[in-house]
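Worth knowing before you read on, the calculation uses all heavy atoms, side chains too, and leaves out hydrogens, waters and symmetry mates.
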Amino acid sequence: MPDISSTLPNWAIKIHRAHGSPELNDIQDVFHGPLSSRSAGLRKDDIIEIIIDSRAISTDSENIARGMLIGTTRNAVEIMDDAGIFRSIARDVIVEVRLIAHMRVPYLEDREMMTFEKEDMRRRSSMQEKAEQMADGGMDSHLWG
């Protein structure tokens with residue numbers, strides 16, 4: 001099987017190198033075989049192209065955004081584009097998302113991502129507790145009901 005990193009478009013090579021040039025053949029989608037062995041879909045850090053509805057942009061703008069997937073929200077897809085600029089693209093104007101290359105293993109096999117999410121949940125929980133304390137007048141408040 002040819003090395004998939006050698007087939008990357010020129011714009012994606014810089015992102016691939018900045019990511020440590022991971023071996024891409026071992027982290028591709030698996031569509032066939034036992035259900036438990038299949039994996040498909042976008043992952044954080046994937047190299048993608050987003051086709052934008054040309055009616056939503058000025059006539060002199062290119063309707064393709066290229067870059068690395070940073071994250072998604074209910075309303076937007078966030079990327080670091082090929083120029084290194086953060087872009088948040090509204091889902092309403094996205095016509096198509098093209099996967100160029102996965103840069104991480106599937107979610108359930110990604111120990112680094114699992115560790116990050118556990119730490120992030122702890123951080124969010126701690127911030128929520130602090131916000132609740134501040135809303136209740138702080139820890140030192142003396143409310144005599």
Checklist entry - Taking His16 for the side chain and Leu8 for the main chain, is one N or O donor matched with an acceptor at less than 3.5 Å? => result no
Spatial distance of atom [atom1] ([X]) from atom [atom2] ([Y]) [nearest 0.5 Å]:
X	Y	atom1	atom2	value
Met113	Glu117	CE	CD	6.5 Å
Ser21	Ile13	OG	CD1	10.0 Å
Ile47	Ile79	CD1	CD1	11.5 Å

Quiz item: Do Glu129 and Met127 have side chains that get closer than 4.5 Å, going by heavy atoms?
Solution: no
Checklist entry - Do Val105 and Val30 sit in the same hydrophobic cluster, where Ile, Leu, Val, Met, Phe, Trp and Tyr count as joined when their side-chain heavy atoms come under 4.5 Å apart? => result no
- Same cluster or not: are Leu99 and Ile89 linked, directly or through other Ile, Leu, Val, Met, Phe, Trp or Tyr residues, by side-chain heavy atoms under 4.5 angstrom apart? yes
Step by step, work out the side chain to side chain contact (heavy atoms under 4.5 Å, CB included) result for Met103 and Leu24. CA-CA 7 Å; Met103 300 291 281; Leu24 301 180; 4.0 Å; yes
Taking only Lys NZ, Arg NE, NH1 and NH2, and the carboxylate oxygens of Asp or Glu, determine whether Glu96 and Arg98 approach each other closer than 4.0 Å.
-> yes
Closest heavy-atom pair, Trp11 versus Gly67, reported as atoms and distance to 0.1 Å, is CZ3-N, 3.5 Å
For Ser61 and Ile57 the tightest heavy-atom approach is O-CD1, 3.7 Å
Salt bridge (charged side-chain N to carboxylate O under 4.0 Å, His left out) pairs touching residues 9-18, sequence neighbours excluded, are none
Residues 68-78 side chain polar contacts: donor-acceptor under 3.5 Å, at least two apart:
| unit_1 | atom_1 | unit_2 | atom_2 | d |
| --- | --- | --- | --- | --- |
| Thr73 | OG1 | Asn75 | N | 3.3 |
| Thr73 | OG1 | Ala76 | N | 3.0 |
| Thr73 | OG1 | Ala76 | O | 3.4 |

With sequence neighbours left out, the residues meeting salt bridge (Lys or Arg N to Asp or Glu O under 4.0 Å) with Arg124 are Asp120
Residues passing the side-chain hydrogen bond (donor to acceptor under 3.5 Å, both in side chains) test with Thr115, sequence neighbours excluded, are none
Contacts of Arg104 meeting side-chain hydrogen bond (donor to acceptor under 3.5 Å, both in side chains) (sequence neighbours excluded), chain-then-number -> Asp45, Asp110, Glu112
Mind listing the side-chain donor-acceptor pairs of residues 48-56 below 3.5 Å, one per line with the distance, residues two or more places apart or on another chain?
| unit_1 | atom_1 | unit_2 | atom_2 | d |
| --- | --- | --- | --- | --- |
| Glu49 | OE2 | Arg66 | NE | 3.0 |
| Asp53 | OD1 | Arg55 | N | 3.0 |
| Asp53 | OD1 | Arg55 | NE | 3.1 |
| Asp53 | OD2 | Arg55 | NE | 3.2 |
| Asp53 | OD2 | Arg55 | NH2 | 2.5 |

